[in-house]
Amino acid sequence: MSSPIKQWTSDLSGLDGLQMSEAPMPPPGKGEVLVEIQAVSLNYRDYEVCIGEYNHHKSVGKSESVVPCSDMCGVITQVGDGVTTYKVGDRVLSTFLPEHQTGQVTEKELSQGMGHPLPGVLASHRVFPEYALVKAPSYMTAEEACTLPIASVTAWMSINGMRPMGQNGGQGEYVLLQGTGGVAIAGLQIAKASGAKAIITSSSDSKLEQAKALGADHVINYRTHPNWEEDVMRVTDKHGADIILETGGAQTLEKSFDCIAFGGLIDCIGYLSGKIDAPGERMNVNLLALRRNVTLKGIINGPRDRFQEMIEFYEKHQIHPVVNKVFSFDKANEAFKFLASGSHFGKVVVKVAQ
């Protein structure tokens with residue numbers, strides 16, 4: 001009889017509802033593989049799931065309990081009948097929306113997200129359909145590679161998603177990155193490898209120094225420079241940012257409109273400053289978009305084929321994702337608290353395999 005797997009489950013009531021438990025070792029069925037999970041990276045979405053606030057996608061049903069997290073790197077230990085893509089020993093990465101293989105995401109794919117409502121990856125082992133995985137870059141550690149599925153793919157689609165596959169641009173463009181979380185730092189690395197000029201904002205001078213060490217061309221402390229949109233216009237010689245990775249939300253979007261280039265792209269990714277405007281305030285998005293012929297686009301990760309395209313780019317440029325802190329598997333609940341504190345630069349990772 002095989003040993004049981006260890007896993008964390010959340011009752012979606014808060015971080016105190018995260019509990020370690022055991023479950024039977026699952027056998028892979030036809031077209032499936034069993035993966036021993038080595039490392040898991042945390043996303044803000046995982047925190048929202050655990051506290052019961054991941055509710056802005058109506059297509060995602062309600063759960064009473066779930067194994068959280070969507071992003072992992074692991075090793076295949078067993079293959080089911082009919083599997084042709086992978087073999088035992090292959091290192092693989094999960095995909096956030098397993099059914100999203102190519103093209104535009106729809107409600108069907110969005111309703112089947114890893115870590116809610118589907119069981120996630122914060123476990124010692126998990127069975128995956130072979131189509132729900134991609135091969136991990138061979139030069140990365142498991143802790144680095146596990147950060148790619150959401151943060152890096154989201155950044156990749158923000159910068160290149162409007163371009164046809166294989167036409168990765170960026171040369172000479174200005175890319176504005178808000179904050180120093182996982183998506184922003186991945187975007188910084190992709191932008192610089194693409195030949196773009198990167199501008200990054202943060203409330204921490206020490207984090208901005210770290211961003212400069214990664215190649216940021218311009219850094220702006222939005223706490224000491226609250227009118228940071230004016231700084232963006234100044235450092236771009238009034239051109240503005242061609243692409244903005246908008247992770248702030250209600251309190252930053254209008255400023256993004258004020259420093260976007262004519263014909264530029266604002267990627268709406270996050271809402272760390274809030275999901276709604278302050279009471280009594282309304283933003284005329286129609287007028288703001290018209291003013292500079294702007295494209296405003298919501299970004300929800302990307303399909304598997306664009307993930308594989310991104311991995312080829314990472315391999316070509318030997319990009320190493322930035323891992324800020326690694327927690328042991330038995331301290332995964334502490335990793336969530338650290339993520340929630342917002343003090344990280346880059347990604348927070350849980351090392352599962354000992």
Side-chain angles (χ1 to χ4, degrees), residues 154-156 158-163 168-274 277-278 281-297 299 322 342 345-346:
T154 298
W156 179 258
S158 297
I159 294 172
N160 291 306
M162 297 287 281
R163 314 181 215 264
N168 308 323
Q171 188 70 40
E173 294 177 337
Y174 286 102
V175 177
L176 172 61
L177 309 139
Q178 294 180 355
T180 54
V183 174
I185 297 305
L188 169 60
Q189 293 181 296
I190 292 168
K192 291 307 299 178
S194 300
K197 296 178 181 178
I199 308 165
I200 194 163
T201 67
S202 173
S203 61
S204 165
D205 284 337
S206 63
K207 289 182 178 180
L208 291 175
E209 286 302 314
Q210 289 177 270
K212 285 169 70 173
L214 287 173
D217 296 278
H218 304 284
V219 298
I220 303 168
N221 186 317
Y222 63 77
R223 184 161 291 161
T224 57
H225 293 75
N227 296 325
W228 52 264
E229 71 279 14
E230 297 175 2
D231 292 87
V232 173
M233 295 304 293
R234 177 179 55 79
V235 300
T236 61
D237 196 23
K238 298 184 180 180
H239 174 80
D242 297 286
I243 299 173
I244 298 178
L245 274 65
E246 169 57 66
T247 57
Q251 295 177 33
T252 57
L253 183 55
E254 189 164 3
K255 290 180 178 292
S256 291
F257 272 112
D258 284 339
C259 63
I260 188 71
F262 276 81
L265 171 65
I266 300 176
D267 295 296
C268 292
I269 300 166
Y271 37 80
L272 293 180
S273 72
D277 293 327
E281 294 183 11
R282 290 292 180 269
M283 187 187 308
N284 190 337
V285 173
N286 184 56
L287 179 61
L288 291 170
L290 283 168
R291 186 176 59 177
R292 292 182 183 169
N293 199 26
V294 173
T295 298
L296 183 68
K297 182 169 178 56
I299 301 290
V322 177
F345 179 96

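By convention here, the first residue in the shown sequence is residue 1. Predicted, not measured: the structure shown is a model, and the values here were computed from it.
Considering only heavy atoms from C-beta on, Glu230 stays 4.5 Å or farther from Asp258 through its side chain. Residues Asn221 and Arg223 have side chains in contact (heavy-atom distance under 4.5 Å, counting atoms from C-beta outward). Side-chain contact between Gln210 and Thr180 is absent, with no heavy-atom pair separated by less than 4.5 Å.
How far OG of Ser203 is from CG of Leu208: 8.0 Å, rounded to the nearest 0.5 Å. Here OG1 of Thr154 is found 8.0 Å from CD1 of Ile299. Values are rounded to the nearest 0.5 Å.
Summarising the geometry of Val294 relative to Leu288, their closest heavy-atom pair is CG2-O, 4.4 Å, with the distance given to 0.1 Å. Ile260 and Asp242 make their closest contact through CD1-O, 4.0 Å (heavy atoms, listed as atom of the first residue, atom of the second, distance). Contact record, Arg292 with Met233: NH1-SD, 4.2 Å, taken as the closest heavy-atom pair. Taking every heavy atom of both residues into account, Cys259 and Glu229 meet most closely at CB-O, 3.5 Å. Among all heavy-atom pairs drawn from Ile159 and Ile243, the shortest one is O-CD1, 3.7 Å. Gly187 approaches Ala155 most closely through the heavy-atom pair N-CB, 3.5 Å.
Residue-environment remark: NZ (Lys197) stays at or below the threshold of 12 foreign heavy atoms within 6.0 Å. Residue Arg291 places its CZ atom among more than 12 non-hydrogen atoms of other residues, nucleotides or ligands, all under 6.0 Å distant.
Not one N or O on the side chain of Asp267 forms a donor-acceptor pair closer than 3.5 Å with the backbone of Leu245. Between the Gln178 side chain and the Glu246 main chain, no donor and acceptor come within less than 3.5 Å of each other. For Lys207 (side chain) and Gly179 (main-chain N/O), no donor-acceptor pair under 3.5 Å exists by modelled atom type.
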Arg234 vs Asp231, salt bridge (Lys or Arg N to Asp or Glu O under 4.0 Å): CA-CA, chis, key distance, verdict:
CA-CA 5 Å; Arg234 177 179 55 79; Asp231 292 87; 3.2 Å; yes

Solution key, residues 169-176 side-chain donor-acceptor pairs under 3.5 Å, sequence neighbours excluded:
unit_1	atom_1	unit_2	atom_2	d
Glu173	OE1	Arg163	NH2	3.0
Glu173	OE2	Arg163	NH1	3.3

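When the side chain to side chain donor-acceptor pair (under 3.5 Å) test is applied to Ser206, the partners found at least two apart in sequence or on another chain are Ser204. Listed by chain and residue number, Leu188, Ile200, Ala211, Val219 satisfy the side chain to side chain contact (heavy atoms under 4.5 Å, CB included) test with Ala216 (two or more places apart in sequence, or in another chain).
A side-chain contact (heavy atoms from CB on, under 4.5 Å) with Leu296 holds for exactly one of Leu265, Ile266, Ile244; it is Ile266.
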